[in-house]
Amino acid sequence: MNVYFDNAATTPLDPEVLDAMLPFLQNHFGNPSSIHGHGRQVRAAVENARKTIAHLINAAPAEIVFTSCGTEADNYAAFGSVRTLGLKHGITSKLEHHAVLHTMQALEKSDGMALSYLRHDAQGRLDLAHLEELLATHPRTFVSLMHANNEIGNLNDIAAIGDICAQHNAVFHTDTVQTMGHYRHDVQQLKAHFLVGSAHKFHGPKGVGFLYRRSGQTVDALIHGGSQERNQRAGTENVYGIVGLAKALEIAYRDMAEHQRHIQGLKDRFIERLRAEIDGVEFNGTSADADQSLYTVLSVSLPPSELNEMLLFNLDINHVSVSGGSACTSGANAGSHVLNALECDPTRGTIRFSMSKYNTAEEVDYAVEQLAKMYRKVPA
């Protein structure tokens, strides 16, 4: 059996998405900026995709800007807001994806922006009282806090965060890369100025994403050149990627309830089987709490053992693909900045199992069996 449990890194392409993309890979090749028939045909596809995405998150089409990925969208929101609005203070947490954390640190270095880190507890739950304290001192600031953590799966209450930011006239950006396509987002209800999506996280193609930018939130372009994306993002649009993005999000919303039930069932099975098979197994953050964590992610903390150094390799040779942390740090020796921030025991091994609609209960059982075989060899 060959098992893939690294869907937080990327997901397999849905066949329906491929079918939607193929005409724009094979036949409809025009440049969407061209005024002739070939160009108008693909321009219409881009704008229809924009309308689809806007409708799904309850936005206006003009509020959707297509990007190459979630990281670019995060950079656009942060650099654009701070520089265009002249913001002097930023707030984030040490648990953010590097797409945000490194971007905020770059602004601190290049633009002299003062940067504050929100406190959190040992489980990674954010201290929103601290956010209120910081905003009371720095009311006009840029706040970037993710919806769900890509490594440990913690869900943050972005509705409450948005309300606090609104009370203090702060600009609120939330990295929703891990939850877009897995939860419903209504930007009319959520007081966020920026949301982010990346197609390959919900069974769309790699190399395309989008930024929701609330109407009236003026920011300068990150990439300069042509007038594409209403002068907000220069460069010829990735037409087939954009078509695939919209189709993937449409499918995700269409089947969301069914997929959530299926995937949560797999996660529950993982937790039950791991507890039964491996003495001393624990779970990082709020990962094992169905009400406080992303249903697609389970972060497993394994007992101290010399096996932990070769953990991912041994699973890989047994045909189980997983991650030890975020996709961006898989295979790195530096360790996870998220687990370091939580002061997790460095002698314990960590595996992130991340699931999709294509995984099965049989695959869960196989993965647990392979892991259990390893740890049964450890002397008591």
Report all side-chain donor-acceptor pairs from residues 17-28 shorter than 3.5 Å, counting only partners two or more places apart or in another chain.
unit_1: His28; atom_1: ND1; unit_2: Gln41; atom_2: OE1; d: 3.2

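Under the side chain to side chain contact (heavy atoms under 4.5 Å, CB included) criterion, Thr103 pairs with Asn75, Ala78, Phe79, sequence neighbours left out. Scanning for side chain to side chain contact (heavy atoms under 4.5 Å, CB included) contacts around Ala99 gives Thr71, Asp74, His97, with sequence neighbours left out. Taking Asp255 as the reference, Ile251, His259 meet the side chain to side chain contact (heavy atoms under 4.5 Å, CB included) condition, with sequence neighbours excluded. Scored by the ring pair (Phe, Tyr, Trp, His ring centres under 6.0 Å) test, His138 finds His89 as partners (sequence neighbours excluded). Residues satisfying the ring pair (Phe, Tyr, Trp, His ring centres under 6.0 Å) criterion with His203, sequence neighbours excluded, are Tyr358. In terms of the side chain to side chain donor-acceptor pair (under 3.5 Å) criterion, residue partners of Asp121 (sequence neighbours excluded) are, by chain and number, Arg125. In this view, Asn156 satisfies the side chain to side chain donor-acceptor pair (under 3.5 Å) rule with no residue, not counting sequence neighbours. When the side chain to side chain contact (heavy atoms under 4.5 Å, CB included) test is applied to Gln264, the partners found at least two apart in sequence or on another chain are Lys267, Asp268, Ala290, Tyr295. Judged as a side chain to side chain donor-acceptor pair (under 3.5 Å), and not counting sequence neighbours, Asn238 has no contacts. In this structure Asp365 satisfies the side chain to side chain donor-acceptor pair (under 3.5 Å) test together with Arg269, Arg273, sequence neighbours excluded.
Salt bridge Asp111/Lys88: absent, no basic N to carboxylate O contact under 4.0 Å. Electrostatic pairing of Glu369 and Lys373 counts as a salt bridge here, judged by a charged N lying under 4.0 Å from a carboxylate O.
Between His36 and His38, the ring-plane angle classifies as perpendicular under the 30° and 60° cut-offs.
Among residue pairs with one or both ends in residues 42-53, those qualifying as side chain to side chain donor-acceptor pair (under 3.5 Å) are Arg43-Glu47, Arg43-Glu237, Glu47-Arg50, Arg50-Glu229; sequence neighbours excluded.
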